[in-house]
Amino acid sequence: MKYEAVIGLEIHSELKTDTKIFCGCATTFGAEQNTHVCPVCLGLPGVLPTINRRVVEFAIKAGLATNCKINKYSKFDRKNYYYPDLPKNWQTSQYDLPIAYAGHVEIDIDGEKRVIRLTRIHMEEDAGKLVHSGTTIKDSSSSNVDYNRTGVPLIEIVSEPDMHSAAEARAYMEKIKSILEYIDVSNCKMEEGNLRADINVSLRPIGSEKLGIRTEMKNINSFKALEDAINYEIDRQAEILDDGGKIIQETRTWNPEKGITQSMRSKEDAHDYRYMPEPDLPPIVTTDEEIEAFRRSLPELPDERRARLIKNGLNEYDAGIITSSRAMAEYFDAVVDFGADLKAAANWIMGDLSKNLNSDGLTIENSPVDAKRLAEMIKLIANGTISGKIAKKVFAEMWISPDSPEKIVKDKGLVQITDTSAIEGVIDEVIAKNPKAVEEYRGGKKKALGALVGQVMKLTKGKANPQIVNKLLENKLEA
Ligand code: ADP
Ligand code: ZN
Ligand code: MG
């Protein structure tokens with residue numbers, strides 16, 4: 001392709017405060033329509049908003065965790081728009097003095113590091129939700145508005161147009177998600193819409209510095225949709241440019257059923273919103289001391305955690321996966337603290353544990369096998385009580401039973417056979433029954449050993465110690 005894709009993301013994240021940004025209404029998701037509302041979030045005349053301090057705290061923490069500068073003097077502005085989902089007819093947001101600006105995060109693309117710059121992070125209120133009587137607004141005879149979500153606090157994280165592929169945009173969004181989870185300011189449940197992105201995509205001739213005309217896709221709430229929409233949009237724009245056409249600056253929607261983006265409306269420039277300072281809220285003044293206290297209160301972040309695991313001997317790839325979610329990283333640390341080997345812990349967590357969690361639709365926080373029992377099982381492999389293969393059976397049993405791995409191994413008779421005379425008996429039998437493989441091996445085809453080892457393992461139901469089997473077999477065959 002003769003174009004370079006240029007991508008910038010605006011990520012909206014709902015903050016996990018108990019109450020809304022400018023009133024005391026609860027933020028609970030999924031409540032009955034219009035039960036968490038009051039005169040303030042309904043925009044009734046004559047009422048005044050009050051800023052929720054928690055929101056400012058969470059926004060500053062998000063700024064610090066993404067290497068932003070914090071505006072010590074920040075203020076709210078009114079962004080005017082006319083739509084029933086915000087009854088005031090403006091959204092209280094931030095314009096020229098956002099709470100945080102000029103940050104960056106690092107992403108990893110196939111082992112290569114890239115820096116993505118953040119333009120700004122600002123605080124704002126979420127809008128309500130239209131509930132149509134039909135499936136879409138077009139085939140509905142009426143629509144209700146649910147104002148429960150109106151006034152739920154959001155931060156909007158705006159990136160510079162620093163990404164150049166769907167994979168980079170995904171890695172960036174994953175990094176932001178994991179940082180917000182680590183600092184515990186958002187639930188980041190994309191399927192509930194509390195983490196969603198507007199994606200801006202343009203193309204320019206390779207080598208050109210000038211930005212091309214962009215289109216914007218709003219409210220993308222899954223990583224798959226993010227990648228698919230970007231790839232589709234890159235192809236669509238390239239085709240238009242190849243034909244000598246012009247890209248129209250517009251807002252498009254992603255249609256996941258059809259796998260295409262569709263034009264929605266032409267895109268306004270900022271001045272159309274007629275931003276003006278919010279007169280009902282005082283500016284937010286933060287001191288250096290307060291900022292430093294917030295900085296000190298931050299936990300170990302994903303990149304630091306990853307570096308620590310690599311330093312302790314885990315490979316980069318595994319360390320990246322383990323630390324992508326805070327819950328998984330904490331589980332991993334616990335397994336290692338209970339005495340399991342680092343690499344084995346990572347393998348079991350990324351392998352059987354993740355597989356079982358996925359198929360049962362569970363998260364690691366409510367895994368039926370806790371860190372302590374997994375560590376005990378890994379130690380049984382390390383001390384030779386069970387083989388790695390048998391361990392898979394033990395693990396499957398642990399998944400459905402609260403018993404300790406020791407008890408399971410004992411009850412099911414799964415202890416590894418390390419008694420050489422017992423193994424030798426089986427080996428003799430296998431040698432007698434497989435003259436062809438024996439002959440091949442003796443004739444120089446060393447690979448034939450594998451088949452014989454396999455036979456021994458089969459006859460012992462996987463319980464023979466594979467190292468001992470190998471050794472004894474070799475000895476017998478070479479004799
Ligand atoms: P808005 O979309 O609200 O008008 P901005 O103009 O600040 O706001 O841009 C929003 C996002 O679009 C930012 O993430 C920015 O990096 C990105 N962006 C701006 N221009 C382009 C472009 N030509 N191509 C791709 N992304 C762009
Ligand atoms: Zn309210
Ligand atoms: Mg935008």
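Order of listing sets the numbers, starting from 1, for every ligand and every atom in it.
Of the listed options V201, I213, N200, N200 places a heavy atom closest to atom 11 (C) of ligand 1. Around atom 16 (O) of ligand 1, the closest heavy atom drawn from G212, S202, A197, S159 belongs to S159. Relative to atom 2 (O) of ligand 1, the option among M163, R214, K79 with the closest non-hydrogen atom is R214.
Between P161 and ligand 1, at least one pair of N/O atoms sits closer than 3.5 Å. Ligand 1 has no N or O atom lying under 3.5 Å from any N or O atom of I7, backbone or side chain.
Near L9, the atoms of ligand 1 lying under 4.0 angstrom from a non-hydrogen atom of the residue are 14 (O). Those atoms of ligand 1 that come under 4.0 Å of a heavy atom in L211, given as number and element, are 23 (N). The distance from ligand 1 to the heavy atoms of V158 drops below 4.0 Å at these ligand atoms: 13 (C), 14 (O). For ligand 1 and E10, the ligand atoms under 4.0 Å from any heavy atom of the residue are 1 (P), 2 (O), 3 (O), 8 (O), 10 (C), 11 (C). Less than 4.0 angstrom separates some heavy atom of E160 from each of these atoms of ligand 1: 16 (O).
Of the charged side-chain nitrogens involved, at least one lies within less than 4.0 Å of a carboxylate oxygen, so that R295 and E292 count as a salt-bridged pair. Using a cutoff of 4.0 Å between basic side-chain nitrogens and carboxylate oxygens, K79 and E278 are not scored as salt-bridged. E250 and R252 are joined by a salt bridge, as a carboxylate oxygen and a charged side-chain nitrogen come within less than 4.0 angstrom of each other. Between R114 and E168, at least one side-chain N (NZ, or NE/NH1/NH2) sits under 4.0 Å from a carboxylate O, which counts as a salt bridge. A salt bridge between R326 and E181 is absent, with no side-chain N of the basic residue lying under 4.0 Å from a carboxylate O of the acidic one. A salt bridge links K72 with D288; the closest basic N to acidic carboxylate O contact falls under 4.0 Å.
Panel detail: the Zn ion (ligand 2) has protein N, O or S atoms under 2.8 Å away, 4 in number.
Annotation: the span from I11 atom CD1 to K177 atom NZ amounts to 11.5 Å, rounded to 0.5 Å.
In E32, the CD atom is not crowded: 12 or fewer heavy atoms of neighbouring residues, nucleotides or ligands sit closer than 6.0 Å.
Between the side chains of H104 and E160, no donor-acceptor pair is found at a separation under 3.5 Å.
Geometrically, K61 does not engage F294 in a cation-pi contact, judged by NZ or CZ lying under 6.0 Å from the ring centre and within 45° of the ring axis.
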From CA spacing to verdict: ring-ring contact (aromatic ring centres under 6.0 Å, His included), W90, Y81 = CA-CA 5 Å; W90 73 81; Y81 80 90; over 10 Å; no
